Amino acid sequence: MSHDLDQLVRTAHVLADVAGAVIRPFFRSRLAASDKSDESPVTIADRMAERVMRAQLAELHPDHAILGEEFGLHESTSGYQWTLDPIDGTRAFITGRPTFGTLISLSFEGKPIIGIIDQPVTGERWIGVEGRPTLFRSGFGEPSGFTPIKTSPCTSLAEADLSCTSPEMLEDAPRPVWSKLKAAAKRVSWGGDCYAYGLLAGGHIDIIAECDMKPWDWSALVPVVEGAGGVMTDWNGQTLRHDGDGTVLATGDKALHEAAVACLRS
């Protein structure tokens, strides 16, 4: 099936725009610094943002499936599925750090073909589209349009900057090998959630290795990373799947990816 990618990309941007309009008023509000629970403002922001995105999709693409972190799966037989994570990076959000993001992905027959990482406070947005270079819009006083970005050409683990969102997620790692990857890398930084993958796509981080990732955590990231020249798989080097083991490995360079997979398999 041929895709009207331009139309679908426009839809993805609309979803990011409406989600951002919901989320921004909650950021650094007096009530926002609370744990995520059924009544916390961060959960209200999550749910409201996902609701408005689902409402847009009901109007624009009523035959498409939707999988959201907050409201689960709305099934369809069209082959298209939108995957939504309104606020990826709850800890960052509730502590006032602008390193969270909204993740929007469109898959066709299980393969992500469009992905957006949107930072609704800073105005930064990354978009990856199958067969096209990843584009980035900066919100820091630079030209307002989208420009192509590329990953880092680093090929050596010994020279690589490694990133992971938190040490806690590694407690559920399927095998205790992350420490070997950490020892092999030049240095390690913590935090970032989806924002770190945008930085990897722009060449600022060389490698990210994480686990306990759900489909709404990684689906949007794949087109962004791959469209910038990077590689994104599980720790075994296999294509990410909804029924996978939750591990994610992203690198800016293919040779670096091969070295990281070898280290994680050891």
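Not measured: the values here are computed from a predicted model. Along the sequence shown, residues carry numbers from 1.
Of the N and O atoms on the side chains of Asp253 and Thr251, not one donor lies less than 3.5 Å from an acceptor on the other residue. Between the side chains of Thr11 and His61, at least one donor N or O sits under 3.5 Å from an acceptor N or O. A donor and an acceptor atom, one from each side chain of Glu210 and Thr165, are located under 3.5 Å apart. When only modelled atom types and interatomic distance are considered, Thr99 and Arg97 share no side-chain donor-acceptor pair under 3.5 Å. Defined by atom type and a distance below 3.5 Å, a donor-acceptor pair is present between the side-chain atoms of Asp206 and Ser152.
Taking a cutoff of 4.0 Å between a charged side-chain nitrogen and a carboxylate oxygen, Lys111 and Glu130 qualify as a salt bridge. Of the charged side-chain nitrogens involved, at least one lies within less than 4.0 Å of a carboxylate oxygen, so that Asp6 and Arg132 count as a salt-bridged pair.
Counting heavy atoms of neighbouring residues, nucleotides and ligands inside a 6.0 Å radius, atom CD of Glu168 exceeds 12 of them.
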query = Given Tyr195 and Trp126, is the ring-ring contact (aromatic ring centres under 6.0 Å, His included) satisfied, shown in steps?
reply = CA-CA 10 Å; Tyr195 194 85; Trp126 294 260; 5.6 Å; yes

ask   = Where do Arg125 and Phe136 land on the side chain to side chain contact (heavy atoms under 4.5 Å, CB included) test, with the steps shown first?
value = CA-CA 6 Å; Arg125 185 176 296 177; Phe136 172 63; over 6 Å; no

request  = Starting from the C-alpha separation in whole Å, work towards a yes-or-no answer on salt bridge (charged side-chain N to carboxylate O under 4.0 Å, His left out) for Asp17 and Arg10.
outcome  = CA-CA 11 Å; Asp17 290 342; Arg10 286 193 293 270; over 6 Å; no

request  = Show your working on side chain to side chain contact (heavy atoms under 4.5 Å, CB included) between Leu103 and Ile117 and close with a plain yes or no.
outcome  = CA-CA 5 Å; Leu103 294 178; Ile117 306 170; 3.8 Å; yes

request  = Dump the intermediate steps for ring-ring contact (aromatic ring centres under 6.0 Å, His included) on Phe93 and Phe26, then the final yes or no.
outcome  = CA-CA 9 Å; Phe93 183 86; Phe26 288 96; 7.5 Å; no

inquiry  = I'd like to know whether Glu159 forms a side chain to side chain contact (heavy atoms under 4.5 Å, CB included) with Cys154, so could you lay out the CA-CA distance, the side-chain angles of the two residues, the decisive distance to 0.1 Å, and finally the verdict.
reply    = CA-CA 7 Å; Glu159 296 298 321; Cys154 176; 4.1 Å; yes

task = Starting from the C-alpha separation in whole Å, work towards a yes-or-no answer on side chain to side chain contact (heavy atoms under 4.5 Å, CB included) for Ile114 and Val9.
result = CA-CA 7 Å; Ile114 296 174; Val9 167; 3.9 Å; yes

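The heavy-atom pair separating Trp235 from Cys211 by the smallest distance is CZ2-CB, 4.3 Å. Among all heavy-atom pairs drawn from Gly229 and Lys150, the shortest one is CA-NZ, 4.1 Å. Taking all atoms of both residues into account, the shortest heavy-atom contact from Ala160 to Ala185 is O-CB, 3.7 Å. Annotation for Arg54 and Leu84: closest pair CG-CD1, 4.3 Å, computed over non-hydrogen atoms. For Ala19 against Met53, the heavy-atom pair with the smallest separation is CB-SD, 3.9 Å. Annotation for Trp178 and Cys164: closest pair CZ2-CB, 3.7 Å, computed over non-hydrogen atoms.
You'll find the side chain of Arg137 reaches within 4.5 Å of the side chain of Asp118, heavy atoms only. Side-chain atoms of His13 and Phe146, non-hydrogen and from C-beta on, do get closer than 4.5 Å to each other. Between Leu256 and Leu157 there is a side-chain heavy-atom pair separated by less than 4.5 Å. Between Arg265 and Val261 there is a side-chain heavy-atom pair separated by less than 4.5 Å. Under the 4.5 Å side-chain criterion, counting only non-hydrogen atoms from C-beta, Leu135 is not in contact with Thr147. At least one side-chain heavy atom of Leu240 sits less than 4.5 Å from a side-chain heavy atom of Val222.
Exactly one residue among Ile94, Ile23, Asp85 makes a side chain to side chain contact (heavy atoms under 4.5 Å, CB included) with Phe100. That residue is Ile23. If you run side chain to side chain contact (heavy atoms under 4.5 Å, CB included) between Ser163 and each of Leu200, Ile205, Leu199, Val188, only Ile205 comes through.
Atom OG of Ser76 sits about 11.5 Å away from atom CG of Leu57, to the nearest 0.5 Å. Between His257 atom NE2 and Thr155 atom OG1 the span is 14.5 Å, to the nearest 0.5 Å. Distance CE/Met213 to CG/Asp234: 12.0 Å, rounded to 0.5 Å. Atoms CE and OG1, on Met169 and Thr247 in that order, are 11.5 Å from each other to the nearest 0.5 Å. In this structure, SG in Cys194 is found 12.0 Å from CD1 in Ile116, a value given to the nearest 0.5 Å. Atom CD of Gln81 sits about 10.5 Å away from atom NE2 of His74, to the nearest 0.5 Å.
Residues Leu181 and Val231 do not share a hydrophobic cluster, defined by chaining ILVMFWY side chains whose heavy atoms lie under 4.5 Å apart. Two different hydrophobic clusters hold Trp216 and Leu106 under the rule that ILVMFWY side chains link at heavy-atom gaps under 4.5 Å. Hydrophobic clustering (ILVMFWY, side-chain heavy atoms < 4.5 Å, transitive): Leu67 and Leu221 are in distinct clusters. The hydrophobic cluster containing Leu162 also contains Trp190, counting ILVMFWY residues as joined when their side-chain heavy atoms lie under 4.5 angstrom apart, directly or transitively.
In this structure, the side chain of Asp193 does not engage the main chain of Asp88 through any donor-acceptor pair within 3.5 Å. Using modelled atom types, one side-chain atom of Glu50 and one backbone atom of Phe71 make a donor-acceptor pair closer than 3.5 Å. For Thr134 (side chain) and Gly128 (main-chain N/O), no donor-acceptor pair under 3.5 Å exists by modelled atom type. Distance alone, capped at 3.5 Å, places no donor-acceptor pair between the Thr233 side chain and the Thr239 backbone. Within the 3.5 Å criterion, the main-chain N or O of Asp161 finds no donor-acceptor partner in the side chain of Arg187. Side-chain atoms of Thr151 do not come within 3.5 Å of backbone N or O of Gly203 as any donor-acceptor pair.
Using the six-membered ring where Trp is involved, Tyr80 and Phe108 have ring planes that are tilted, between 30° and 60° apart.
Aromatic ring centres of Trp218 and His242: separated by under 6.0 Å.
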